[in-house]
Amino acid sequence: MSHHAHAKRWFLHARYSGVSRRPAASQGIEPKAMRLPPSPPTSAFPRPRGSDASAEEAAPRVWVVDDSASEARFIKTALGTGFQVETFPDGAAMLERLHSGRAPDVVVLDWEMPGMSGPEVCQFLRSQPEMEVLPVLMLTAHNRPEDLVLGLRAGANDYVAKPFRTEEVRARVNALVRTKRLVDEVRRADREKAEALAQLDALLISSPVGLSLLDRDLRFVRVNARMAMLDGLPLDAYVGRTLGEVLPRMAPRLEPVLRRVLETGEPVEELAFSMKQPGAAPDADAAGSELHLMVGFHPVRTTGGEVVGVGTVVVDVTRHKQAETELRAAAEFRERFLGIVGHDLRNPLNAIRMSASFLIASEQMPAPLMRTAGRIVSSADRMTRMITELLDFTRSRLGGGIPLTPGAMDLGGLVRQVVEELELVHPSRVVKVTSTGTLTGRWDADRLTQVLSNLVSNALQYSPPDSVVEVSLQGGPEQVVARVANPGEPIAPQELGLLFHPFQRAHTGAHVPSGLGLGLFISQQIVRSHRGTLTVESDAARTVFTLMLPRGS
């Protein structure tokens, strides 16, 4: 027995078996008993426009079901060459073909057919979810309104009364094809939207940060579990409710920011704020029960650029904040400890220096021991400078800057005094001092002595022994500029940016660094306390430190 005959026999048996499939009396159609064949696979449905289908596949597929072969040929001729037309002698053959291949774009059904009538075939198609939107055009000689209503209730989309004109059939099939393709586009867009939302949900669920989306009325659209956990609320407490309803304590602070993002379309990032840990007791220690958050707000735009909502990203930085606090406390303890030790070491160190100086002044010691006592005095002086630097470093880090005692002074005289003292220590070196303009102002003489002594001493140490160190002073209307220049190997560019950092020293082949590396850091802090600047430039010709001091500091 052929497949066609088998399908026809199967449907005729279903018609007269008396087993009801679903009530149809409300539609005026006699209930029929039929077993649904397996649904065709998704790949059997029409491809969207723009796919790589061939021109033949792109042509609309029309199935004509009519027990009259001559009428079927007439309808095929009426449709012309713009369609792929396939004809079937009855509903059973069409349904068997539907089970084994790709679904058509339009089905043209004759009303009167043996076995299953057109309305019965149409009703059967509509019982399957995959066929709910398949356009059906009914051909009928029934012109009574109640008959037409019967066909439409069975699921037909349109009808053509016999005898019909070829132009009318073609026009109505074309209209149904366009409708079908529009529906396919909508369904495809819905599937893509559902896939995108599923991907978004997966990202929201797996994200380690709090994420939420709010619409223009500041109502929550989506929220992930991490956001709910940070707020201490159930996940179902958000969607459809406003920010003020869900988080009344935070809303007064956050709503103006969110509305600004909606109005301007500009994001707001790294907004920090603190709140109580969810579930923390009211009398709990504030430091231990605080939740530190970093929040960012970003506009959500359509493809046309319209802002339709706000996306919120919340990062819990409590652990980082606690670690930062612990590191700061450890650093402060270390710096206070350095200050205490430095301060307490000054008294015994002064006693050592005074004792060594007394032995030198007595002139009763042998020459070798006199040299030893001199080294003790020199070492004690160097240690005193280190301790002074440590104390200044501690003050600058813990006390908000180095304190000053400004007074009227002449920077030119101060520079000459510093140069004379250093020439005594370096008798073979030459320091050239030049000056122009007025060099007076209100500054702390002791602190500037410390700065200039450090700069000139460094210039002498980092320059060749037979070279000249130049100190130039220039008085301007509102400030005085001092430059200390020395020849020698240039300072590497990567070291220039770190030169004024604490415990940093320049490394060149001409000099092995010594000391704590605090001299330039403290010098810059002193200059900043005077509201001035201290900068450095270095090239193959020379290295220049430039000190600029406002007169009215």
Side-chain angles (χ1 to χ4, degrees), residues 2-5 7-8 11 37 40-41 43-49 51-126 128 130-141 151-152 154-185:
S2 68
H3 288 294
H4 170 69
K8 185 171 183 178
F11 280 110
S43 59
F45 283 87
R47 298 184 185 180
R49 294 179 182 177
S51 68
D52 57 356
S54 66
E56 182 181 0
E57 290 176 326
R61 296 165 59 89
V62 180
W63 288 3
V64 178
V65 185
D66 199 316
D67 60 326
S68 170
S70 60
E71 286 197 14
R73 286 194 300 272
F74 180 74
I75 295 170
K76 184 175 182 178
T77 303
L79 291 175
T81 59
F83 299 90
Q84 300 180 67
V85 181
E86 192 171 347
T87 61
F88 301 89
D90 54 33
M94 188 272 289
L95 292 174
E96 182 183 25
R97 176 74 172 86
L98 184 67
H99 169 61
S100 61
R102 172 184 163 189
D105 294 299
V106 176
V107 173
V108 179
L109 278 175
D110 187 24
W111 186 293
E112 296 291 347
M113 292 186 296
M116 298 179 68
S117 68
E120 289 174 339
V121 174
C122 187
Q123 182 186 14
F124 178 76
L125 290 174
R126 295 297 180 247
Q128 303 181 78
E130 295 84 357
M131 299 294 107
E132 285 180 347
V133 297
L134 177 62
V136 175
L137 176 66
M138 195 81 72
L139 301 179
T140 178
L152 294 175
N157 299 86
D158 201 354
Y159 69 92
V160 174
K162 295 182 178 180
F164 51 80
R165 293 177 300 173
T166 58
E167 296 84 357
E168 182 182 5
V169 173
R170 183 178 179 88
R172 292 185 183 274
V173 169
N174 266 323
L176 291 177
V177 167
R178 288 195 298 271
T179 301
K180 172 65 164 52
R181 289 185 171 176
L182 288 174
V183 171
D184 287 345
E185 289 291 337

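Residue numbers count from 1 along this sequence.
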Rounding to 0.5 Å, atoms CG (L134) and CH2 (W63) come to a distance of 8.5 Å
When rounded to the nearest 0.5 Å, the distance separating CD of E112 from CG of D66 is 11.0 Å
Problem set entry | Side chain to side chain, L125 and L98, heavy atoms closer than 4.5 Å | yes
Do D67 and P89 have side chains that get closer than 4.5 Å, going by heavy atoms? no
Taking every heavy atom of G82 against every heavy atom of A59, the minimum-distance pair comes out as O-CB, 4.0 Å
The side chain to side chain donor-acceptor pair (under 3.5 Å) partners of S70 (sequence neighbours excluded) come to S68
(Q) If you apply the rule side chain to side chain contact (heavy atoms under 4.5 Å, CB included), what do you find for L176 with L137, and how did you get there? (A) CA-CA 8 Å; L176 291 177; L137 176 66; 3.8 Å; yes
Side chain of E132, backbone of R126: donor and acceptor closer than 3.5 Å?
no
Notebook entry, point to check: P60 versus R181: any side-chain heavy-atom pair under 4.5 Å?
Noted result: yes
Rounded to the nearest 0.5 Å, the CG atom of L95 sits from the CD atom of Q128 at a distance of 7.5 Å
Sub-4.5 Å side-chain heavy-atom contact between V108 and M138
no
Those residues at least two apart in sequence (or on a different chain) that pass side chain to side chain donor-acceptor pair (under 3.5 Å) with T179 are none
Value for CZ (R61) from CZ (R102), rounded to nearest 0.5 Å, stands at 4.5 Å
Contacts of T77 meeting side chain to side chain contact (heavy atoms under 4.5 Å, CB included) (sequence neighbours excluded), chain-then-number -> none
Worksheet entry | Min side-chain heavy-atom separation V85-V64 under 4.5 Å | yes
Tightest non-hydrogen contact, residues G115 and E120, listed as O-OE1, 4.0 Å
Find out whether M116 and D90 are in side-chain contact, i.e. whether some heavy atom of one side chain is under 4.5 Å from a heavy atom of the other. no
Of all heavy-atom pairs linking C122 and V136, the shortest is SG-CG1, 4.1 Å
Hits for side chain to side chain donor-acceptor pair (under 3.5 Å) against E71, two or more places apart or cross-chain, chain-then-number order -> K162
- Task: Evaluate side chain to side chain contact (heavy atoms under 4.5 Å, CB included) for F83 paired with D105, printing each intermediate quantity in order.
- Result: CA-CA 10 Å; F83 299 90; D105 294 299; over 6 Å; no
Looking at Y159, I'd like to know if its OH atom is crowded, meaning that more than 12 non-hydrogen atoms belonging to other residues, nucleotides or ligands lie closer than 6.0 Å.
no
Correct closest heavy-atom pair for V177 and V106 would be CG2-CG2, 3.5 Å
Hits for side chain to side chain donor-acceptor pair (under 3.5 Å) against R97, two or more places apart or cross-chain, chain-then-number order -> E86
Original post:
Do the non-hydrogen side-chain atoms of V62 and V107 ever get within less than 4.5 Å of each other?
Top reply: no
Hits for salt bridge (charged side-chain N to carboxylate O under 4.0 Å, His left out) against D158, two or more places apart or cross-chain, chain-then-number order -> R172
Any side-chain heavy atom of V65 sitting closer than 4.5 Å to one from M113? yes
